[in-house]
Amino acid sequence: MEVIIRPTADAAAELVARIIAKELRANPSLVLGLATGRTMESLYAKLVRLHHEEKLDFSLCRTFNLDEYVGLSGSDPHSYRHYMNRHLFAQVNIDLRSTYLPNGMAADLDAECARYEELIARSGGIDLQLLGIGRAGHLGFNEPLSALRSRTRVKALSPLTRAQNAPLFDSPDQVPHRAITMGVGTILDGRRCLLLATGDEKADIIAKAVEGPITAMISATTLQLHPRCTVVVDEAAASKLQGADYYRWIFANEPEWEPFR
Ligand code: GLP
């Protein structure tokens, strides 16, 4: 794992956008794993800008989102399909037929989860998995006690997660109780993982995810098992990291990061 600390949330999102752009330019058929949440909004705005200003080309790439609420259709403004169309897909030259999210309205949810895993496998697996982190440390909706080897399945959302996502709904009781999410094992199968977290409210959980013991209580701790994981944070989210000086030294000295400094 590498941890990169940028001065501001904007600079952190900019770096993540540059990493994604570099991967996409190197492999235009990239299979990209995508995430939702407020943190990602500025990142997607930057990818849209790179598309317009630097001709970043999404026409051949395929995307798989981490999760979707159960019971919301893609036309519901609170669905993650709606979020993705609005913040990214409708603003770049991606083929919508190559953008996948689990179908939270499927009559048979277990079959839908199996179908989603199958689609990822048939696409050759995820090359680059973008991740946010919930305040309780979930990746996607892998809530506390998610098995380290779990695959795409339906999860009940914890009260903390529902409260955290409530401001995005008209009222707290509108937040769905369940979601389909890629499993921890599905996420760890991605060839590269890239986590973006910003703001003070993520400082405690980032310290646990990066420096704490691996536990099913905090699915983000499992990223410590991943052979190629980059965590990008701003100063606020980095404020509880004990090894911050060392992480800064790595970023300043590793040749890989030269073009991004
Ligand atoms: C939701 C998503 C997560 C995301 C989290 C963080 O719970 N399922 O994938 O990481 O929100 O959201 P925010 O960026 O709004 O803090």
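When a ligand or atom number is given, it counts from 1 through the structure's own listing order. Just the heavy atoms: all of them, side chains too, but no hydrogens, waters or symmetry mates, feed the values below. Residues: numbered from 1 along the sequence shown.
- Protein heavy atom at the shortest distance from atom 15 (O) of ligand 1 is R38 N, 2.8 Å.
- Under the 30°/60° scheme for interplanar angles, the aromatic rings of F141 and Y69 are found to be tilted.
- Annotation: atom 4 (C) of ligand 1 to nearest protein heavy atom, T36 O, 3.8 Å.
- Nearest residue to atom 3 (C) of ligand 1 from G134, G140, G37, A35 is G140 (criterion: closest heavy atom).
- We find that E23 and R191 are not joined by a salt bridge, their nearest charged nitrogen and carboxylate oxygen being 4.0 Å or further apart.
- Ion pairing of E256 with R228 is present here, as a side-chain N (NZ or NE/NH1/NH2) and a carboxylate O approach within less than 4.0 Å.
- Taking 4.0 Å as the cut-off between side-chain N and carboxylate O, D76 and R81 do not count as a salt-bridged pair.
- Taking a cutoff of 4.0 Å between a charged side-chain nitrogen and a carboxylate oxygen, R248 and E235 qualify as a salt bridge.
- Comment: E118 does not engage R115 in a salt bridge, judged by the lack of any side-chain N to carboxylate O separation of less than 4.0 angstrom.
- Taking 4.0 Å as the cut-off, Q164 counts as a neighbour of ligand 1 on heavy-atom distance.
- Looking at atom 2 (C) of ligand 1, its nearest protein heavy atom turns out to be Y80 OH, 3.7 Å.
- For atom 14 (O) of ligand 1, the nearest protein heavy atom (residue, atom name, distance) is T39 OG1, 2.4 Å.
- Distance from atom 16 (O) of ligand 1 to its nearest protein heavy atom, with residue and atom name: K202 NZ, 2.7 Å.
- Here the protein heavy atom with the shortest distance to atom 5 (C) of ligand 1 is H138 NE2, 4.0 Å.
- Considering only non-hydrogen protein atoms, atom 8 (N) of ligand 1 sits nearest to D67 OD2, 2.8 Å.
- Scanning the protein heavy atoms around atom 6 (C) of ligand 1, the nearest turns out to be I133 O, 3.5 Å.
- Using a 4.0 Å cut-off between a side-chain N of Lys or Arg and a carboxylate O of Asp or Glu, R18 and E54 qualify as a salt bridge.
- A salt bridge is defined here as a Lys NZ or Arg NE, NH1 or NH2 lying under 4.0 Å from an Asp or Glu carboxylate O, and E143 with K155 fails to meet this definition.
- Taking a cut-off of under 4.0 Å to the non-hydrogen atoms of G132, the atoms of ligand 1 that pass are 10 (O).
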